[in-house]
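Starting from 1, each residue takes its place in the sequence as its number. Owing to the predicted nature of the structure, the values given are computational and were not obtained by experimental measurement.
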Amino acid sequence: MTTLTTPRPEPAPGADETHGDAATPSDAATPSKHARRFGLPVATALVMGNIIGGGIFLLPASVAPFGTISLVAFGVLTLGALALALVFGRLAERLPRTGGPYVYAREAFGDFAGFLAAWSYWITAWVSNAALAVAAVGYLDVLVPVHGSLAATLTAALVVQWLPALANLAGTRYVGAVQLVATVLKFAPLLLVAVGGLFFFDASNLGPFRADDQGALGALSASAAILLFSYLGVESAAVSAGEVRDPRRNVGRATILGTLGAAFVYLLGTLAVFGTVAHDDLVGSTAPFSDAVNAMFGGSWGGAAVACAALVSMTGALNGWTLLSAQTPYAAAKDGLFPAVFATRRRGVPTVGVLVTVVLASLLTVYNYTAGSEGVFETLVLITTFTATVPYLLATAAQIYFLASGRSDRVDRPRLIRDAVLAALACGFSMWLVAGSGYAAVYQGVLFLFAGVIVYAWIAARRARAGSA
């Protein structure tokens, strides 16, 4: 491997990377009381909380126009996400450092691949934050009408983004606490619909297997394209490996448990909504879980209850994604591949990364509400699906490289065949994600990547000048 800098050495077993290379001797000796490593429960909650954001409350209505074939697409996506989760777990065993896909891509292919992984993941994170904030305002409007005023709507969206950012700036111990509480609270109403809805299930509500005129493969791919965003976040524990206790053991376990938990809620909840709300009504629904609760118990109280659950869910997702959006630039900055200011860390949190991310997401949110163009924000959300697949592909390619190159320090030979099959499945899944993003999203996503190439050229030139000085 040829790189512009010397790769960071592996930490000694049990070494604490909370402050990384930027820590002073005193920091290393006396870690901040605000910085606390995550155990398995919090790491699992981080994965589940980031996968299950606001999308779960809208997905049944979004895929209903394709028919119940969308449940098959859910199943295929779940298998692909599990393969990807297993690959991340194996990679985290070998390279248990903060940064996730960035670390794996750089270790296998060098600085440029690592930078592309970090750049793409960072774009995905802060655009996703803007998406979650805008969606959260829609549910807030059920409780406190705000859409009648542009100023009130903007203020609500910005508050929803900045509260999780402030929780992150307070320290990792508070991030973990917020994430665990948010994950527990939001599962109560989701499980109510997912489990309770089965007792009110009526097969006549399901509608046709294919509700449109396209073939089975086309309907499967079309519905999958909408569902792709729902599984972003499987890499959450791997990205924050430096903050997880015993990452070689816990990152993989948290990734699998979190993905399985999210898949259970997704599949069972969507099936329950399909079976309790008539298909024609579901196609036009803007609050499918509210409609399901109303159908189950009567009355109209369900809308407010689900709106509260959605707000809790998206606040928890924003809390986790804000941390993740700062971790990858932090890891890249430590290696000289992002501006050095992103390596600034206080109380166990990359503070500059958090601030820059929330500012960019806030600006995008303001643009979305004031531009007045139809579909602009939806297109950007699809771009995040594409940009997320870049680090996914690079990470799975890194696993394939480690296996195929026969590097004894990276390959557990008794598990070679299993790891090779998982890597191939995860790579195929990532390619499918790229195809499902659509031509427009891929086109605009590539432009984002090309902008990153210019940034990398500038950073590499500065480093070259510094090295020759």
Side-chain angles (χ1 to χ4, degrees), residues 1 3-5 7-8 50 88 91 95 97-131 229 232-236 238-241 321-344 350 352-361 363-364 379-398 430 433-434 437 441-464:
M1 176 182 67
T3 58
L4 295 175
T5 62
R8 292 177 62 193
N50 285 348
F88 280 128
L91 287 167
L95 298 164
R97 301 202 299 264
T98 293
Y102 157 74
V103 172
Y104 316 141
R106 182 171 184 264
E107 180 72 15
F109 307 120
D111 285 350
F112 184 60
F115 172 83
L116 283 182
W119 180 262
S120 299
Y121 194 83
W122 186 50
I123 293 172
T124 302
W126 61 263
V127 177
S128 296
N129 285 357
F229 188 73
L232 297 181
V234 297
E235 72 292 337
S236 302
V239 171
S240 296
W321 273 108
T322 298
L323 176 63
L324 293 184
S325 65
Q327 295 289 22
T328 298
Y330 166 80
K334 300 283 286 183
D335 292 328
L337 299 181
F338 252 62
V341 69
F342 281 91
T344 303
V352 173
V354 169
L355 288 172
V356 172
T357 292
V358 72
V359 168
L360 288 173
L363 291 174
L364 182 61
T379 301
L380 290 174
V381 169
L382 283 176
I383 291 173
T384 66
T385 303
F386 167 73
T387 55
T389 61
V390 175
Y392 288 176
L393 267 173
L394 288 171
T396 54
S430 299
L433 293 181
V434 173
S437 298
V442 171
Y443 168 75
Q444 295 183 54
V446 168
L447 294 180
F448 274 102
L449 291 182
F450 283 175
V453 172
I454 302 302
V455 173
Y456 178 80
W458 173 70
I459 294 173
R462 292 191 61 184
R463 294 168 64 201

Taking all non-hydrogen atoms of both residues, which atom of [X] and which atom of [Y] are closest, and how far apart?
| X | Y | answer |
| --- | --- | --- |
| Pro339 | Ala333 | O-CB, 3.5 Å |
| Ala361 | Ala130 | O-CB, 3.7 Å |
| Gly353 | Ala326 | C-CB, 3.7 Å |
| Ala451 | Trp119 | C-CZ2, 4.2 Å |
| Lys334 | Ala343 | CD-CB, 4.0 Å |

Drop me the distance from [X]'s [atom1] to [Y]'s [atom2], to the nearest 0.5 angstrom.
| X | Y | atom1 | atom2 | result |
| --- | --- | --- | --- | --- |
| Tyr104 | Phe109 | OH | CZ | 14.0 Å |
| Leu394 | Thr389 | CG | OG1 | 9.5 Å |
| Phe115 | Ile459 | CZ | CD1 | 5.0 Å |
| Leu91 | Phe88 | CG | CZ | 7.5 Å |

| field | Under 3.5 Å donor-acceptor, Ser120 side chain and Ala117 backbone | value |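 Absent.
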Going by side-chain contact (heavy atoms from CB on, under 4.5 Å), name the residues that satisfy it together with [X], two or more places apart in sequence or in a different chain.
| X | value |
| --- | --- |
| Leu355 | Trp162, Leu169 |
| Thr124 | Ser128, Leu232, Thr384, Thr387, Ala388 |
| Thr322 | Asn129, Pro164, Ala165, Asn168, Val354 |
| Pro329 | Trp122, Phe338, Phe342 |

| task | Could you check if a side-chain atom of Val356 sits within less than 4.5 angstrom of a side-chain atom of Trp126, using non-hydrogen atoms only? | result |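 Val356 vs Trp126: side chains apart.
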| said: My understanding is that only residues two or more places apart in sequence, or in another chain, count here; which of them pass ring-ring contact (aromatic ring centres under 6.0 Å, His included) with Phe386? | reply: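 Partners of Phe386 under the ring-ring contact (aromatic ring centres under 6.0 Å, His included) test: none.
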| message | Run Leu116 and Tyr456 through side chain to side chain contact (heavy atoms under 4.5 Å, CB included) and show every step you take. | response | CA-CA 9 Å; Leu116 283 182; Tyr456 178 80; over 6 Å; no
| query | Can you check side chain to side chain contact (heavy atoms under 4.5 Å, CB included) on Val127 and Leu364, steps first, answer last? | reply | CA-CA 8 Å; Val127 177; Leu364 182 61; 3.9 Å; yes
